[in-house]
2 protein chains.
Amino acid sequence: MKKAVEPSAERPLRAADRIRASASELFYREGIRAVGVDEVVERAGVTKPSLYRSFASKDDLAAAYMRDYDLDFWEKFENPGGKSYSDPREHVLAYIRVLSTRAVREGYRGCGLSNATIEYPARDNPARQVAEAHKKLFRKRLRELASNMGARHPAVLGDALLLLIEGIYSTGQQSEDGPAQSALTVAKMLIDASVAKG
Amino acid sequence: MKKAVEPSAERPLRAADRIRASASELFYREGIRAVGVDEVVERAGVTKPSLYRSFASKDDLAAAYMRDYDLDFWEKFENPGGKSYSDPREHVLAYIRVLSTRAVREGYRGCGLSNATIEYPARDNPARQVAEAHKKLFRKRLRELASNMGARHPAVLGDALLLLIEGIYSTGQQSEDGPAQSALTVAKMLIDASVAKG
DNA sequence: GTGTATACGTACCGGTCAGTAACATTGTCA
DNA sequence: TGACAATGTTACTGACCGGTACGTATACAC
């Protein structure tokens, strides 16, 4: 049998992957602009040309970071705390519970996608474009969940939850002991006020 | 009568002030890290040594930008749309109305203070410190207004409003036609659900 | 072994960035 | 007129940053 020419699984971990991992960690913690490519490759234990063989530019690497972040996000959102939920209300509340717990811990750095949007105001930036596409989908998903909850105005409840969640991302970086600790209560208020009673 | 030695009012506008104005505009629009000192002085119509005669470093200039922003913010917050309000509920709603109108317009760039916190994750950064102090005060002020509204739990309503407002700042940059358009409705929901009826 | 492809490293380039030194110019007030 | 304060002019530095030209090591094919 011919040895499979799969683009290599296992193995000590290829340079490109080490770079992705290193970039994800550094870009999230310090911000994309603040981190130089030298720092990325050093932490990855590889050299610069290896980076530019797999990524066309730093912008391209940043976009890859965004895509990785996006994947990771959906895993966390759809299975908050590692569990899956059938009830949309419990689903959203579980995500917010897990999120707001993380958000009040020291060193929390918010949502990498939202942060990138702030670091790169230019619409045509590749990283920003990934982030924008993500947020569009996230909004749609929240609206869907709001609808499944039986909200009178799913669009409004969806937006309310999105505003709340983005508020958690943002204030979580501003201080520990921040408003995120009230987030779960607020989420319940919003849902209960939006869903027809009885 | 001796001519007052006020630190100079009127006059064609001093270099330091032109620099502050230029920096404020550029830092807000493009982000602090993205703007070089050369660009700041060029727009101000002055030269680099003038900048460094009035500011110790770029970080110091960024901190000055934060202080200017802070002043401007409180003016906008306490007198939304140029009017003053005695009723706390109307006051907050007026701010959110004006804010969310701005936030759905193209080119909106959110809150300069929140953005700086994201650009500078390090706690000891001078600009970030100004931003953090500001947010602490803002939270306190919102709690105060929530209390004046007669909220059952002023801390919770204050935090809810803060989360909402930060959510507007953030999502306003992500797209026009964004969730900010629902913000006023959401604010009313939050307040009504938090204030004892009857 | 020799060819070939893959994966990686060494060393460097040009540009930009924050910050400065030294000196010239202007306006104001006495 | 003379002194002082504020600003402009020019030119420079050293660090960093994104990006690249080019050489090297390993492994498999025949």
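Scored by the salt bridge (Lys or Arg N to Asp or Glu O under 4.0 Å) test, E78(B) finds R141(B) as partners (sequence neighbours excluded).
When hydrophobic side chains of Ile, Leu, Val, Met, Phe, Trp and Tyr are connected at separations under 4.5 Å, I118(A) ends up clustered with I118(B).
Using a 4.0 Å cut-off on heavy atoms, none of the residues of residues 28-40 of chain B approach DNA chain D. Within residues 49-57 of chain B, the residues that place at least one heavy atom under 4.0 Å from DNA chain D are, in residue-number order, P49(B), S50(B), R53(B).
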Residues 146-153 of chain A, side-chain donor-acceptor partners within the protein, below 3.5 Å, at least two apart:
unit_1, atom_1, unit_2, atom_2, d
R152(A), NH2, A193(A), O, 2.6

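Distance NZ (K58(B)) to P (dT20(C)): 15 Å, rounded to an integer number of Å. Distance, L61(A) CG to dC17(D) P: 15 Å, rounded to whole Å. Distance, I19(A) CD1 to dG9(C) C1': 13 Å, rounded to whole Å. The distance from atom CG of N125(A) to atom C1' of dG18(D) is 15 Å, rounded to the nearest whole Å. The NZ atom of K48(A) sits 7 Å away from the C1' atom of dC17(D) (whole-angstrom rounding).
Applying the salt bridge (charged side-chain N to carboxylate O under 4.0 Å, His left out) test to residues at least two apart or on different chains, none of the pairs has a partner in residues 92-118 of chain B.
Nearest heavy atom pair, residue A183(B) against residue I168(B), reads CB-CD1, 3.4 Å.
Annotation: side chain of Y169(A) is in contact with side chain of I165(A) (closest heavy-atom distance under 4.5 Å).
A ring-centre distance under 6.0 Å is found for F138(A) and F77(A).
A 6.0 Å sphere centred on CD of E176(B) holds more than 12 heavy atoms belonging to other residues, nucleotides or ligands.
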